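Order of appearance sets the numbers: ligands from 1, and atoms from 1 within every ligand. Since we're looking at a predicted model, the values are computed, not measured.
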Amino acid sequence: MIEKINKIKEELAGLKAANAAEVEQLRIKYLSKRGEISLLMNDFRSVPAEQKRELGQKLNELKNYATERINALKESFAAQADNAAADIDLTRTATPMPVGSRHPLSTVKNDMLRIFAGMGFTIAEGPEIEDDWHVFSSLNFPADHPARDMQDTFFIARNPADILLRTHTSSVQTRVMEKTQPPIRIVCPGRVYRNEAISARAHCFFHQVEGLYIDKNVSFADLKQVLLYFAKEMFGAQTKIRLRPSYFPFTEPSAEMDISCDLCGGKGCAFCKGTGWVEILGCGMVDPNVLEACGIDSKVYSGYAFGMGIERITNLKYRVKDLRMFSENDVRFLQEFEAAR
Ligand code: PHE
């Protein structure tokens, strides 16, 4: 037994390992339950009583020595791992990561909202899945109005309360008027849906910003000034506006607004079809029937409303030829707007 103890001691003195895994192997070889030293401990039971004292001491020494040696090896590898971590060059420039850019429709929407916020308008939002009342009936649409036709509107369920995808964000205006007494001054951005064949010039969904102002003594002149200010902020100080009489069920009188074509400066070109003007929005004085339907006294209050497509404004600013590009998510298209972010 003494011999075995000495032999193991010698081995331990010259112990070497190439890595932490090898150290673990050595620990198993000597110190685990079935390791060489544990086996010696087992043998120790059958040693004659008079040798027990001496051998016991030696065995304990051996075990301590083995633990010491293996721990020392273990530590040397741990220190090496620390050194490897310290080798990282913290001053090196990071690997470049491609950064995305804002979608042009978001950029233009934010610009529009910022301009109206500057004139005291707050933002109001509402559901895209709506009912007939908020999209049509409350807004003075006659029962047989063509917009209520399946060909124009996506219906989700018909009768008793028709459920549909909103065709304009005027529905948000109704929701706000129902809950709030004037003064009301809001802009309603959001996605709207119309049942149209998808082409370069039409899509089954697009985005709008609509506005509503209701207070005492609101006049058409107020509307005109707000829209003129918006046009100049959006398209430049040289921009002119022109209002043409039009018709919407929810406004009376109603108008459509054109801005001077900034491609030809109003002289007439292919873009404005030779007229010098391009249409950008619909507007008018809120019909008293709409105010009454929403619980607002039309003898006390009056108001104006306007609505425009964000795609249309974006096209005028950036000349996007095909509407479909806005929703195809082709990064090459989106990258063109990085500077506009
Ligand atoms: N709601 C109309 C549309 O979707 C736009 C509009 C809003 C017109 C307000 C007049 C007044 O086309």
Side-chain angles (χ1 to χ4, degrees), residues 109 112-113 116 119 121 123-128 130 132-142 145-149 151-154 164-177 184-196 201-214 218-228 230-231 241-259 278-291 293-294 296 298 301-313 315-316 323:
K109 178 185 78 180
M112 295 165 75
L113 296 179
F116 286 113
M119 292 188 275
F121 286 81
I123 296 169
E125 286 178 311
E128 291 180 14
E130 267 291 7
D132 175 276
W133 168 257
H134 290 98
V135 176
F136 297 129
S137 297
S138 64
L139 291 163
N140 204 31
F141 277 80
H145 193 282
R148 292 174 181 243
D149 204 310
Q151 259 121 49
D152 291 302
T153 303
F154 288 113
L164 46 91
L165 294 176
R166 66 180 180 193
T167 57
H168 52 186
T169 58
S170 305
S171 53
V172 182
Q173 306 183 352
T174 301
R175 285 185 178 273
V176 172
M177 285 189 281
I184 295 170
R185 190 170 4 208
I186 51 167
V187 271
C188 314
R191 180 173 289 186
V192 301
Y193 301 83
R194 289 182 197 178
N195 194 355
E196 301 211 34
R201 317 190 87 239
H203 212 295
C204 60
F205 65 77
F206 63 100
H207 302 81
Q208 279 188 329
V209 169
E210 294 211 347
L212 174 73
Y213 177 42
I214 302 174
V218 178
S219 73
F220 203 97
D222 299 324
L223 169 64
K224 210 171 145 186
Q225 185 57 38
V226 160
L227 294 179
L228 176 64
F230 167 75
I241 62 166
R242 146 177 118 166
L243 289 151
R244 283 177 288 105
S246 183
Y247 173 79
F248 298 102
F250 34 89
T251 46
E252 181 60 35
S254 305
E256 275 169 319
M257 187 175 99
D258 302 335
I259 56 166
V278 283
E279 186 197 319
I280 68 161
L281 57 80
C283 60
M285 301 307 290
V286 181
D287 194 296
N289 287 346
V290 174
L291 296 176
C294 298
I296 294 174
S298 63
Y301 295 106
S302 56
Y304 62 70
F306 56 86
M308 59 193 125
I310 303 177
E311 277 82 351
R312 176 106 188 113
I313 304 290
N315 278 349
L316 290 175
L323 261 186

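- Residue Gln208 has at least one nitrogen or oxygen atom sitting less than 3.5 Å from a nitrogen or oxygen atom of ligand 1, judged on distance alone.
- Atom 12 (O) of ligand 1 has its nearest heavy-atom neighbour, among Met257, Met308, Arg194, in Arg194.
- Every atom of ligand 1 is numbered from 1 in the order shown, and the set under 4.0 Å from a heavy atom of Ser170 is 1 (N).
- Side-chain contact between His134 and Arg166: absent, with no pair of heavy atoms (C-beta onward) separated by less than 4.5 Å.
- At a threshold of 4.5 Å between non-hydrogen side-chain atoms, the residues Gln173 and Ile184 do not count as touching.
- Taking atom 2 (C) of ligand 1 as the reference point, the nearest protein heavy-atom neighbour is Glu210 OE2, 3.4 Å.
- Enclosure of atom CZ in Arg201 is not indicated, since only 12 or fewer non-hydrogen atoms of other residues, nucleotides or ligands lie within 6.0 angstrom.
- Between His168 and Phe248, the distance separating the two ring centers is not shorter than 6.0 angstrom.
- Every atom of ligand 1 with a heavy atom of Phe306 under 4.0 Å away is listed here by number and element: 7 (C), 9 (C), 11 (C).
- Between Thr167 and ligand 1, no pair of N/O atoms sits closer than 3.5 Å.
- For ligand 1, the atoms sitting less than 4.0 Å from at least one non-hydrogen atom of Cys283 are 8 (C), 10 (C), 11 (C), numbered in the order shown with element in parentheses.
- Contact detail for Tyr304 and Met285: the closest heavy-atom pair is CB-SD, 3.9 Å.
- Of all atoms in ligand 1, listed by their number and element, those nearer than 4.0 Å to a heavy atom of Phe250 are 1 (N), 2 (C), 6 (C), 7 (C), 8 (C), 9 (C), 10 (C), 11 (C).
- His207 is listed as a side-chain neighbour of Glu311, based on a closest heavy-atom distance under 4.5 Å.
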